[in-house]
Amino acid sequence: LRKELERVLTHAPEHLFHDDLSEHNHPVYFHQFEQHARTHGLRFLSEAEYFMMQPDQFPEQTIQQLAGLGDNVIAQQQYLDFLRCRRFRQSLLCRADVPVDHQVRPQRLAEAFCTFNGKSSGEVADPSTTEAMTFTGDHQSHVTTNHPLAKAALMLLTASWPQAVAYSDILDGALKLLGRDEEPEDRQQLLDILMGCYGRGLINVHRHPPRLAAQPGPRPMANVLARSQAATDGPLTSQLHLTVFIKDALVRRAIQLLDGSRSVAELTAQLQREAQEMHSPEQATIAPGDAGRQQVESLLAHLARTGLLVA
């Protein structure tokens with residue numbers, strides 16, 4: 001009950017009204033939802049977030065118990081709901097007569113792009129050693145490994161964020177970090193490594209690379225949705241479909257101005273003028289002269305790292 005109270009109190013009012021207090025709020029078990037979908041000619045395809053379908057985050061004994069359910073995907077998903085105390089799903093459905101292969105094979109990642117928004121623990125500069133490293137990402141996901149190819153691949157993806165990197169480029173870059181040529185088993189090993197990280201929610205996989213700017217250009221531009229959202233008090237949406245929270249009014253104003261028509265110098269000058277007009281103790285300020293330009297350049301670099309800027 002305490003956790004439930006904490007959840008309700010931390011929800012935004014609109015979420016509480018739309019979800020918990022909705023007129024149409026009829027909780028059902030997942031298997032009941034799937035049965036209802038079948039009465040309308042539909043069937044379960046997958047979850048929007050692949051890792052939420054996987055048991056990889058649980059102890060090996062639990063994984064083996066779930067594997068004992070065989071090909072009964074619905075039963076596996078129902079028990080995962082129990083294990084996670086999950087009450088909210090993002091389930092994708094398809095027509096009931098469409099063949100569905102729930103066996104995701106690592107080979108499919110060979111034509112994909114990957115991103116990793118995380119960090120590593122320790123100061124291991126040379127991934128070719130057998131020293132273990134821990135990588136932590138979104139969703140409280142983490143993995144500890146001493147496998148040189150795994151460490152090199154994740155180090156490469158960490159440095160590449162927010163850009164999505166093709167599988168072939170991950171392999172080439174990882175081998176370069178390891179300082180060696182490709183060996184026969186490397187391709188399959190890397191596919192298995194990436195598949196394992198994807199199943200744990202550590203990395204994201206994209207069919208096409210998101211259109212974004214990893215570095216601010218001479219006339220930086222934020223995506224049009226984020227510019228519109230910046231005019232309100234709500235969260236912003238990045239090119240990676242991530243939610244970005246920015247409270248500072250001047251920073252939100254800067255995002256509105258990033259329509260590609262202003263150079264960094266012009267943007268700095270305008271923000272310096274507007275900062276004086278809207279100054280308050282809780283708002284960021286822009287210093288005069290070159291110091292102000294450096295502040296704006298630092299802000300733009302940060303916005304690029306969040307995936308808000310487009311090329």
Side-chain angles (χ1 to χ4, degrees), residues 7 11-12 14-15 18-20 22-58 62-63 66-67 69-117 137-141 162 164 166-167 191-192 194-212 223 225 235 237-244 307:
R7 182 189 69 83
H11 264 196
E14 58 270 24
H15 291 170
H18 181 272
D19 294 341
D20 295 71
S22 172
E23 179 182 356
H24 301 287
N25 185 356
H26 310 290
V28 295
Y29 288 115
F30 173 69
H31 71 89
Q32 295 172 320
F33 162 78
E34 201 271 343
Q35 289 172 356
H36 180 72
R38 285 188 176 273
T39 65
H40 294 275
L42 301 172
R43 65 179 297 184
F44 174 68
L45 175 63
S46 71
E47 286 300 296
E49 295 178 312
Y50 170 77
F51 76 94
M52 290 299 291
M53 293 179 61
Q54 307 306 311
D56 300 30
Q57 297 169 323
F58 292 102
T62 303
I63 295 176
L66 290 171
L69 296 172
D71 296 332
N72 192 336
V73 174
I74 304 304
Q76 289 178 349
Q77 292 303 301
Q78 182 64 79
Y79 278 104
L80 281 174
D81 283 357
F82 294 149
L83 290 169
R84 290 195 171 104
C85 296
R86 176 169 53 186
R87 296 176 304 169
F88 176 76
R89 275 182 165 266
Q90 297 170 286
S91 300
L92 304 177
L93 304 177
C94 65
R95 294 183 182 276
D97 57 356
V98 174
V100 175
D101 181 8
H102 285 108
Q103 182 65 40
V104 179
R105 297 170 179 81
Q107 284 70 21
R108 295 184 179 181
L109 294 180
E111 298 180 359
F113 297 78
C114 299
T115 55
F116 173 46
N117 181 22
D138 297 328
H139 318 295
Q140 299 180 330
S141 58
Y167 160 76
L191 289 172
D192 293 338
L194 294 176
M195 195 73 233
C197 291
Y198 187 36
R200 290 176 175 268
L202 193 69
I203 66 171
N204 287 314
V205 174
H206 311 264
R207 186 65 183 87
H208 302 283
R211 177 177 168 262
L212 53 78
N223 77 69
L225 176 58
T237 304
S238 78
Q239 291 294 94
L240 293 158
H241 305 290
L242 298 176
T243 301
V244 181

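Nothing fancy with the numbering, it's 1 onward along the sequence.
Counting only distance, with no hydrogens or angles, the side chain of Ser141 and the backbone of Asp138 share a donor-acceptor pair below 3.5 Å. Side-chain atoms of Gln57 never come within 3.5 Å of backbone atoms of Gly199 as a donor-acceptor pair (strictly under, hydrogens ignored).
One finds the CG atom of Asn204 at 10.5 Å from the CZ atom of Phe116 (value rounded to the nearest 0.5 Å). Atom OG of Ser46 and atom CG of Leu93 lie 9.5 Å apart (nearest 0.5 Å). Here OG of Ser91 is found 12.0 Å from CG of Leu42. Values are rounded to the nearest 0.5 Å.
Evaluation of the ring-ring contact (aromatic ring centres under 6.0 Å, His included) rule for Tyr167 yields no partner, not counting sequence neighbours. The salt bridge (charged side-chain N to carboxylate O under 4.0 Å, His left out) search around Arg87 returns Glu4, not counting sequence neighbours. Partners of Asp81 by side chain to side chain donor-acceptor pair (under 3.5 Å), not counting sequence neighbours, listed by chain and number: Arg86, Arg89. Partners of His208 under the ring-ring contact (aromatic ring centres under 6.0 Å, His included) rule, at least two apart in sequence or in another chain, do not exist in this structure. Judged as a side-chain contact (heavy atoms from CB on, under 4.5 Å), and not counting sequence neighbours, the contacts of Leu225 are Asn223, Gln229, Thr237. A search for side-chain contact (heavy atoms from CB on, under 4.5 Å) contacts involving Asp101 returns Gln103, Arg105, Arg108, not counting sequence neighbours. The ring-ring contact (aromatic ring centres under 6.0 Å, His included) test applied to Tyr79 returns Phe82, not counting sequence neighbours. Every residue two or more places apart in sequence or in another chain was checked for a ring-ring contact (aromatic ring centres under 6.0 Å, His included) with His18, and none qualifies. Take Asp20 and apply the salt bridge (charged side-chain N to carboxylate O under 4.0 Å, His left out) test, not counting sequence neighbours, and it matches Arg7. Listed by chain and number, the residues in a side-chain contact (heavy atoms from CB on, under 4.5 Å) with Pro210 are Ala164, His206, Leu212, Leu240 (sequence neighbours excluded).
Pairing each heavy atom of Phe113 with each of Pro209, the nearest pair is CE1-CD, 3.5 Å. For Met53 against His102, the heavy-atom pair with the smallest separation is CE-CD2, 4.5 Å. Nearest heavy atoms, Leu194 versus Cys114: CD1-SG, 4.3 Å. Of all heavy-atom pairs between Val100 and Cys94, the closest is CG2-SG, 3.7 Å. Summarising the geometry of Pro106 relative to Asp192, their closest heavy-atom pair is CG-OD1, 3.6 Å, with the distance given to 0.1 Å. Annotation for Leu66 and Pro55: closest pair CD1-CB, 3.6 Å, computed over non-hydrogen atoms.
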field: Derivation and outcome, side-chain contact (heavy atoms from CB on, under 4.5 Å), residues Arg211 and Gln239
entry: CA-CA 7 Å; Arg211 177 177 168 262; Gln239 291 294 94; 4.2 Å; yes

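Heavy atoms of other residues, nucleotides or ligands lying less than 6.0 angstrom from NE2 of His40 number more than 12. For Arg84, the CZ atom counts as densely surrounded, since its 6.0 Å shell holds more than 12 non-hydrogen atoms of other residues, nucleotides or ligands. Within a 6.0 Å radius of CD in Gln90, other residues, nucleotides and ligands contribute more than 12 heavy atoms.
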Please tabulate, for side-chain N and O atoms in residues 26-35, each donor-acceptor pair with protein atoms closer than 3.5 Å (sequence neighbours left out).
from	atom 1	to	atom 2	distance (Å)
Gln32	OE1	Tyr29	N	2.9
Glu34	OE2	Arg38	NE	2.7
Glu34	OE2	Arg38	NH2	3.4

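Among residues at least two apart or in separate chains, there is no salt bridge (Lys or Arg N to Asp or Glu O under 4.0 Å) pair with a member in residues 48-58.
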